[in-house]
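Structure first, then comments.
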Amino acid sequence: MNITTDIISVLLNALISFSYLSLATFGIVLIFKTSSTTNFAQGMLGILGAYATSYFIDPTGVNDLTGLPSVLITSPWQLILPMLGGITISFVAGLLIDVVIFRNAKFTNAATKQIITMGLVIVISGLIPVVFGPTTRMSFVFSDQTIFLFGVALPMHQLITLGISAFLILFIFAMLKYTKWGLGVRSVASNERVAGLMGINTNKINSLSWAIAGALGALSAITYTAGIGSMSSLSMIDMQVNAFYASILGGFSTFFGPLAGAFLLTTGQSLFPKILVSYNLAQWSNTVLYFAIIVAVLIKPVGLFGKKVIKKV
Amino acid sequence: MKILFNEHVKPFLKKPHFGFIVVGIILVIIRSLVNVLPPDLYGAIVTTTYYYIAGLGFALLLGYGGLASLGTGAFVGIGAFGLHYIYRFMEMPLLITIIAVIAVSIVISIVFGFVSLRISGMYLAIVTMGLSQIVIEIIKNIPNYASGTTGGFLSGGPRRPLVFMGMELAADSAVIFMAVFAVLGMMVVYNMITSPTGRALLSIKNSETAAQTMGINLLKYRLLAFVISGVYGTLAGVLSIMFVRNASVSQIGLTFALNILAAVVIGGTKSIWGILLGTFVIFGLDLAVFQRFQLGNYSIIINGILIILVVMFYPGGLIQLFGDMKKYVKKLRLKIRERIYGTE
């Protein structure tokens with residue numbers, strides 16, 4: 001009986017972390033496939049949206065003395081409209097990044113693109129205090145309630161997040177499979193030049209991918225910072241790093257792989273401490289997790305679900 | 001006298017090694033001017049110097065080996081925390097300590113090298129990031145560094161001031177060490193890239209298959225590139241803790257690795273002087289120049305935009321700027337001459 005509860009609690013915790021991580025991972029994979037770069041600014045794009053949301057809900061920010069926000073949430077619209085506003089801001093920011101910067105740097109090498117995204121991190125982290133003022137801000141949870149599921153306490157906020165992200169991920173997969181945009185993304189992912197020759201507007205596909213990645217990042221950042229109850233421009237860095245590990249664990253070559261990798265990673269995150277704590281080694285759980293990922297990648301260099309791409313010499 | 005100058009002194013001045021020694025001499029002069037220079041400029045120069053050493057090693061990896069590793073932070077961490085641990089808690093003499101941390105970093109960099117044989121491209125960047133994260137986690141799990149920071153050599157616990165050959169070292173004395181290591185480091189890298197080793201690395205970068213066909217041992221050169229870059233990173237860590245006197249794991253994470261990558265790419269991946277310029281742009285420019293204008297948060301934004309612009313429009317690095325300027329001056333001279341003397 002005890003073991004069943006443990007397993008359920010591990011799985012539920014993994015699912016909840018997965019709901020944040022999957023959104024961030026999907027944004028990274030989308031950009032990796034279309035612009036062929038590892039986007040280190042994904043977390044920052046998200047945080048930009050989260051700050052904007054917080055600003056729309058509560059322009060004055062958290063009171064330094066009481067540590068409480070100056071606005072009380074009474075109706076759901078008070079949350080939903082600013083959230084849409086924040087997501088739109090990240091969407092537009094992603095669009096602008098592609099149109100202004102990446103469109104002009106399309107045929108540079110991988111390291112250059114990585115550094116451009118790093119420069120974006122620096123720019124956005126400087127921009128946030130300039131635009132939103134130096135006050136502390138926080139995100140708002142959907143609901144304060146906690147419910148018990150199979151004997152495991154779960155905050156309502158995280159269940160709602162799980163629902164939203166599950167819906168979004170399924171929706172995007174359907175879009176990728178059945179719409180013209182999805183076909184465009186898949187063809188740009190396999191070969192950008194040829195896709196352009198075949199009459200696909202690759203610029204449009206790329207900029208839309210950046211925009212969607214920004215929006216997903218924003219949703220992930222808003223819900224995650226609300227869940228952990230604090231927000232700073234560094235909040236999403238761990239999430240983003242985990243998204244990279246998830247992507248290489250699952251393999252960048254499919255859209256499904258990184259998400260599977262993300263689920264394996266979050267399962268590991270909640271499972272390893274549970275196992276190691278009985279040997280009094282709980283602080284080593286992160287090390288073990290990273291080590292396991294690297295061993296897995298060394299055994300299968302294209303990722304667990306990746307396909308091997310044969311290169312011409 | 002003129003013959004003596006032309007035949008003996010001038011060739012010596014033209015040698016690149018002379019330039020490297022000048023850097024060392026300038027550093028020693030800066031050390032003696034510590035009370036005259038404004039402290040932020042002094043700090044910027046010193047920071048640039050020790051990260052320049054890490055950048056030099058990384059350039060060998062990226063510019064000549066074509067391996068975009070994001071694991072530099074791990075080696076800087078091994079240097080800083082390793083020196084602190086072995087010197088303070090195991091009570092070894094300083095020289096033995098430095099040799100010991102270099103030995104540790106060689107072992108770790110060989111692991112990195114073996115990983116790079118199996119994985120390439122963007123995956124390698126993320127895997128090396130993971131490996132360096134493991135090193136950071138291990139540092140954090142040493143009980144003395146549970147908070148992820150060192151308290152320096154004098155605070156708390158068993159105090160032990162930094163002593164070298166019976167002399168107590170002040171923080172500024174580290175600059176002398178930096179001068180020595182920077183000059184040595186530049187010479188070693190210069191000799192390496194102008195020797196067959198450099199050519200072998202370049203050929204591996206351009207095509208692994210072709211290089212192997214020509215009889216170049218992939219394993220040997222990959223490991224060599226990783227070991228040298230690891231040792232350079234460790235030296236940077238050692239020098240940083242000797243100067244700053246404390247270290248924190250938050251400074252050696254992903255951001256740091258990306259900064260080193262940016263410094264090398266911005267300066268020019270294959271140019272020893274370019275990397276010096278790039279390191280200054282990344283680590284020193286903000287402190288030494290922008291802070292003077294009281295820009296506040298705008299200085300960070302300007303720095304970021306500068307990085308993006310340089311990378312986009314000068315893919316060969318800032319060092320290309322000097323070449324372009326030289327060409328422009330030549331053109332201008334020709335134009336003026338034409339105007340004065342006519343086209344003949």
Side-chain angles (χ1 to χ4, degrees), chain A residues 32 36-38 40 97 100-102 104-105 107-131 134 234 237-238 240-241 244-245 247-249 251-252 281 283-291 293-294 297-299 301-303 306 311 313, chain B residues 62 66 68 70 114-115 118-138 140-141 146 207-210 213 250 253-255 257-259 261-266 269 282 286 296-313 315:
Chain A
F32 183 87
S36 60
T37 181
T38 46
F40 292 109
I97 288 171
V100 176
I101 298 170
F102 269 85
N104 302 317
F107 298 112
T108 50
N109 60 4
T112 307
K113 285 182 185 169
Q114 280 179 339
I115 289 162
I116 292 177
T117 60
M118 192 210 90
L120 286 172
V121 171
I122 297 175
V123 171
I124 297 176
S125 66
L127 211 59
I128 284 175
V130 170
V131 176
L234 305 173
I237 286 183
D238 284 343
Q240 180 187 323
V241 169
F244 284 126
Y245 296 145
S247 310
I248 58 162
L249 181 63
F252 267 121
L281 290 169
Q283 77 270 30
W284 290 94
S285 57
N286 268 342
T287 319
V288 174
L289 180 67
Y290 295 142
F291 196 73
I293 291 172
I294 284 168
V297 173
L298 280 179
I299 292 168
V302 287
K311 255 197 287 185
V313 177
Chain B
L62 182 74
L70 290 179
F114 274 111
V115 167
R118 184 118 173 97
I119 297 166
S120 61
M122 218 76 89
Y123 282 59
L124 180 69
I126 300 171
V127 169
T128 47
M129 187 171 96
L131 282 173
S132 99
Q133 195 63 41
I134 289 178
V135 171
I136 290 173
E137 289 285 337
I138 290 172
K140 269 199 219 164
N141 282 334
S207 167
E208 282 180 23
T209 322
T213 319
S250 65
L254 174 62
T255 321
L258 283 173
N259 275 335
L261 179 68
V264 170
V265 173
I266 282 176
T269 45
I282 298 285
D286 186 42
N297 281 313
Y298 288 101
S299 72
I300 305 173
I301 301 177
I302 293 172
N303 211 352
I305 291 175
L306 192 73
I307 291 170
I308 295 175
L309 286 181
V310 168
V311 171
M312 275 175 74
F313 296 109

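Just so you know, these numbers use all the heavy atoms, side chains as well, and skip hydrogens, waters and symmetry mates. Chain naming here is simple, since letters A, B, ... match the order of the sequence lines and numbering starts at 1 in each.
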Problem set entry | Contacts of A:Phe252 that satisfy ring pair (Phe, Tyr, Trp, His ring centres under 6.0 Å) - sequence neighbours left out | A:Phe32, B:Tyr123
Problem set entry | Side chain, backbone, both or neither of B:Leu124 within contact of chain A (heavy atoms, under 4.5 Å) | neither
For this session: Indicate yes or no: at least one non-hydrogen side-chain atom of B:Met122 is less than 4.5 angstrom from one of A:Ile248.
Result: no
For this session: Please look at A:Leu249 and chain B and tell me whether the side chain, the backbone, both or neither of the residue comes under 4.5 angstrom of a heavy atom of that chain.
Result: neither
For this session: Mind ranking B:Val127, B:Leu62, B:Ile266 by heavy-atom pairs under 4.5 Å with chain A and telling me who comes out on top?
Result: B:Val127
For this session: Report yes if the side chains of A:Phe102 and A:Thr37 come closer than 4.5 Å at any heavy-atom pair, otherwise no.
Result: yes
Exercise. Do the non-hydrogen side-chain atoms of B:Thr128 and B:Val115 ever get within less than 4.5 Å of each other?
Worked result: no
Problem set entry | Per-residue contact mode, B:Ile300 against chain A (heavy atom under 4.5 angstrom) | both
For this session: Check whether B:Leu306 gets within reach of chain A through its side chain, its backbone, both or neither, counting any heavy atom under 4.5 Å.
Result: neither
For this session: Could you look at A:Leu120 and say if it's the side chain, the backbone, both or neither that has a heavy atom under 4.5 Å from chain B?
Result: both
Problem set entry | CD on B:Glu137 to CD1 on B:Ile134, rounded to 0.5 Å | 9.0 Å
Exercise. In terms of heavy-atom pairs under 4.5 Å, which option from A:Ile101, A:Asn104, A:Ile124, A:Val297 contacts chain B the most?
Worked result: A:Ile101
Problem set entry | Interface moiety of B:Leu261 toward chain A, non-hydrogen atoms closer than 4.5 Å | both
Problem set entry | Segment of A:Ile128 engaging chain B (4.5 angstrom heavy-atom cut-off) | neither
Seminar exercise, completed: Per-residue tally against chain A (heavy atom, under 4.5 Å) across B:Ile136, B:Asn141, B:Asn303 peaks at B:Asn141
Problem set entry | B:Ile138 portion near chain A, given a 4.5 angstrom heavy-atom threshold | both
For this session: Would you mind telling me which of A:Pro129, A:Ser125, A:Ser36 has the largest number of heavy-atom pairs within less than 4.5 Å of chain B?
Result: A:Pro129
Seminar exercise, completed: All heavy atoms of A:Ile299 vs all of B:Arg118, minimum pair found to be O-NH2, 3.0 Å
Exercise. Within the side chain of B:Thr269, is there an N or O that forms a donor-acceptor pair under 3.5 Å with the backbone of B:Val265?
Worked result: no
For this session: Decide yes or no for B:Leu70 and B:Ile126: does some side-chain heavy atom of the first lie under 4.5 Å from some side-chain heavy atom of the second?
Result: no
Exercise. Going through the distances and angles, do A:Phe40 and B:Leu254 end up as a side chain to side chain contact (heavy atoms under 4.5 Å, CB included)?
Worked result: CA-CA 10 Å; A:Phe40 292 109; B:Leu254 174 62; 4.1 Å; yes
Exercise. So, A:Gln114 side chain and A:Thr38 main chain: donor-acceptor pair closer than 3.5 Å or not?
Worked result: no
For this session: Sort A:Ile294 into side chain, backbone, both or neither according to what part of it lies under 4.5 angstrom from a heavy atom of chain B.
Result: side chain
Exercise. Who wins among B:Ile307, B:Ile119, B:Leu258, B:Val264 for the most heavy-atom pairs under 4.5 Å with chain A?
Worked result: B:Leu258
For this session: Against chain B, label A:Thr117 side chain, backbone, both or neither, depending on which of its atoms sit under 4.5 Å from a heavy atom there.
Result: neither
